Amino acid sequence: MHKGEAQTYIVVAEKPSVARSIAKLLKSKGVDAYVTSVRGHVLNADFPEGYEWNSIDPSKLFSVREFRSIISDERSYKELEGVFKKDGALIIATDNDSEGELIGYEILSIYRAIKGNQAPYKRMRFNSTNPGELWRAWNNLEDSLNMNWVMKAMLRQHFDLVTGAAFTRLLTKETRKHKNVRLISWGSCQSPTLGFIVKREKEIMSFKPEPFWYIRVRFRTEDGEEFEAKSENMKDLERAKALWKSVEGQKTGRVLSYDEGKKTIRRPLPLDTDTLLKDLTRITGVSAATLLSVAEELYAEGYCSYPRTETNRFRYDFDFREPIEALVNSDLSKLLGDLNKVRIEPLNGRKDDGAHPPIYPIKPYPKDGSLKRNVWEYIARRFAANVLFSDAELGESETEIRVGDVVVRASGSVITQEGFFKMFEYFIPKETPIPKLSPGDVLEVVKSELKEEKTRPPPRLTEAALLELMEKNGIGTDATRAEYPKIVVERGYAVKRGRSFYPTELGMRLVDALSGVDERLVTPDTRKFVEDFMEMVNRGTKTYDECLEQALRVYEELYKACEANIKRISEALAGAISPTKYKRSANYDFQSNST
DNA sequence: GCAAGGTC
């Protein structure tokens, strides 16, 4: 084909980076196509006219079955309109997951509004952006979108919108009758996130510390090495005292057993988003939401690969040259050793989201002490540790020693093979050496004592712990999960002090009120509930219409139960609101530690 | 102004 002539294909990807990969591939194969992309969703669902905040009672939202499409990304929409005025058949090249399918459907609807309802299109379905995979997909274009996937994602969209808006409007409007408040919200992800924080706080509040006792002995070997050993914990003070009597004043102990073993610590797996956020929030103390946006900047500027991925394995055809070169050209290169002697052998995990590879470095980021550098360095070190380093090894030892009538135990652990810790210097286990002993050895007692301690409540949730809970309970996705801890802080339901989350009075009362109506409103059950329906739509065992109907009927009942108690609930919520609290916006990452 | 999901 010649320049200026009509082009045959218009390929639309989900994001610019994928469009670039496809364009490069097609060009190399001599295929003439116009390749462009949107940036995620272009359209969003909203209620039809007449269902605005002040137009109707929120309960009416449960009977909405026809939703309005609104443009959520004006720029992408306009670009598509322009592109679709050209000649050429549409190829939908969005990600291979149900949200990608829905985005594809949005693209198709814009296309057909311009080209007519019968305008031809194809679906290009690929599981990675490697040239080989893209070429395979290009030669196996599918005739249509997977409508089960589209409807599955749409069910999620509509259920979350109706329930979220209904409860949020009810709670906000009713509380405003007592106090001026910006927003009191409920949602299938944010509410269980807050639920986790409140649940932990209640465990701490109701925790009754119980005393326990143990005997601690400090020994010295013939070589003059000292170490400590402890008896089991005892809840019974009388028993502890009796045993202590047999130990008190003893000058020696006798070694009953001494065993050594080895423990392998596997090198880290290829990096997915959840792991990146959990680890970095522990390393830096910065919020997951901020960290993800920093990772996105690194990606946008070409320092690392796409940072939103659930994949923790490298495909067989992954090209390791680029990331390794990034390492070689960086200040980390001195840790690499002689690369000619190193095997390229990643330790793979089992997850593959079918759209993106694990996160890896692409080019060096300068050592400037910034947060961005910390994030890049973590990505780079993790990649190197996974691909170029060996497992580490701990030497572990255990001994039992008799003193009087008591057996005390000590265990030691030392790093015997540094392995990947040379590169990945995070979370290195503490070494607790104990001397080498033999059964029958007699040890000098340097000091012995009967100690009292109290059981301690569980700690408050850190962001890493919260993300872990969300992940385990199916709250949010890898791309959205970081948002919810941020939301519960911004809405005034919780505060982050140091690295821990504390519910506010409002947060506590909100969870109390909702769980008083039904536990499902503050547990992961809502998410599970809607996802079971989504799965039915996916499999085709039930239609979208049936599922939306049934799911909303259940939540309409919960809404009514909430409404029946709304006077008491709204008074309780209003009672927790002090006007000043809402003036300052909670700055998530720079909370003072001193309140 | 509401949710959660994409992505910038």
Side-chain angles (χ1 to χ4, degrees), chain A residues 13-19 37-47 51-56 58 60-62 64 67 70-76 79 94-107 149-150 152-176 180-194 273 292-301 306-309 353 355-356 470 474-484 486-488 490-491 521 526-527 530-531 534 551-552 555 559 582:
Chain A
E14 185 164 322
K15 47 189 160 273
S17 63
V18 175
S37 84
V38 291
R39 282 166 291 270
H41 284 284
V42 191
L43 305 177
N44 196 6
D46 203 353
F47 298 113
Y51 285 83
E52 291 77 19
W53 196 275
N54 286 318
S55 312
I56 44 128
K60 296 280 184 292
L61 296 175
F62 285 97
V64 173
F67 294 84
I70 57 165
I71 299 165
S72 59
D73 183 348
E74 193 76 40
R75 193 177 131 204
S76 290
E79 280 170 12
T94 48
D95 288 358
N96 189 18
D97 52 42
S98 66
E99 290 295 330
E101 214 69 4
L102 179 55
I103 292 169
Y105 187 71
E106 295 164 12
I107 294 165
W149 266 17
V150 172
K152 172 189 172 180
M154 211 175 262
L155 177 68
R156 191 260 325 140
Q157 212 175 41
H158 294 164
F159 176 87
D160 283 340
L161 174 62
V162 169
T163 54
F167 280 99
T168 299
R169 288 184 189 182
L170 175 69
L171 293 167
T172 304
K173 284 170 128 175
E174 292 296 326
T175 308
R176 278 189 194 160
N180 186 20
V181 56
R182 200 184 43 160
L183 194 73
I184 303 210
S185 54
W186 179 88
S188 62
C189 289
Q190 58 173 270
S191 297
T193 302
L194 175 62
T273 309
L292 185 54
S293 75
V294 170
E296 276 159 4
E297 271 177 49
L298 286 168
Y299 158 70
E301 293 161 15
Y306 191 68
R308 281 184 290 248
T309 173
D353 66 14
H356 312 286
M470 294 167 68
I475 304 296
T477 68
D478 58 320
T480 61
R481 220 163 274 141
E483 284 301 310
Y484 301 109
K486 191 177 163 188
I487 283 177
V488 300
E490 284 173 351
R491 301 268 161 96
L521 294 175
T526 300
R527 209 63 243 155
V530 66
E531 251 153 62
M534 285 163 68
L552 287 184
Y555 273 72
Y559 177 92
Y582 279 82

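Below, chains carry the letters A, B, ... as their sequence lines are ordered, and counting in each starts from 1. The model shown is predicted, which means the values in this text are computed figures rather than measured ones.
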| task | Return yes when atom CZ of A:F159 has more than 12 non-hydrogen atoms of other residues, nucleotides or ligands closer than 6.0 Å, and no otherwise. | result |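 It does: A:F159 CZ has more than 12 such atoms within range.
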| task | With rounding to the nearest 0.5 Å, note down the distance linking CG in A:L194 to CZ in A:R491. | result |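 Answer rounded to 0.5 Å: 11.5 Å.
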| Going from OG on A:S191 to CZ on A:F167, what distance comes out if it is rounded to the nearest 0.5 angstrom? |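 Answer rounded to 0.5 Å: 9.5 Å.
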| request: Let me know which of A:F62, A:F47, A:F67 forms a ring pair (Phe, Tyr, Trp, His ring centres under 6.0 Å) with A:H158. | output: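 Per the ring pair (Phe, Tyr, Trp, His ring centres under 6.0 Å) rule, the option paired with A:H158 is A:F67, out of A:F62, A:F47, A:F67.
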| said: Regarding A:R75, tell me which of base, sugar-phosphate or nothing describes its non-hydrogen contacts under 4.0 Å with the strands shown. | reply: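 Here A:R75 touches no strand at all.
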| request: If a protein heavy atom is under 4.0 Å from the base, mark B; if only from the sugar-phosphate, S; if neither, -; do that for nucleotides 2-8 of chain B going 5' to 3'. | output: BBBBBBB
| message | Under 4.0 Å between a side-chain nitrogen and a carboxylate oxygen: does that hold for A:R39 and A:E79? | response |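 Salt bridge: yes.
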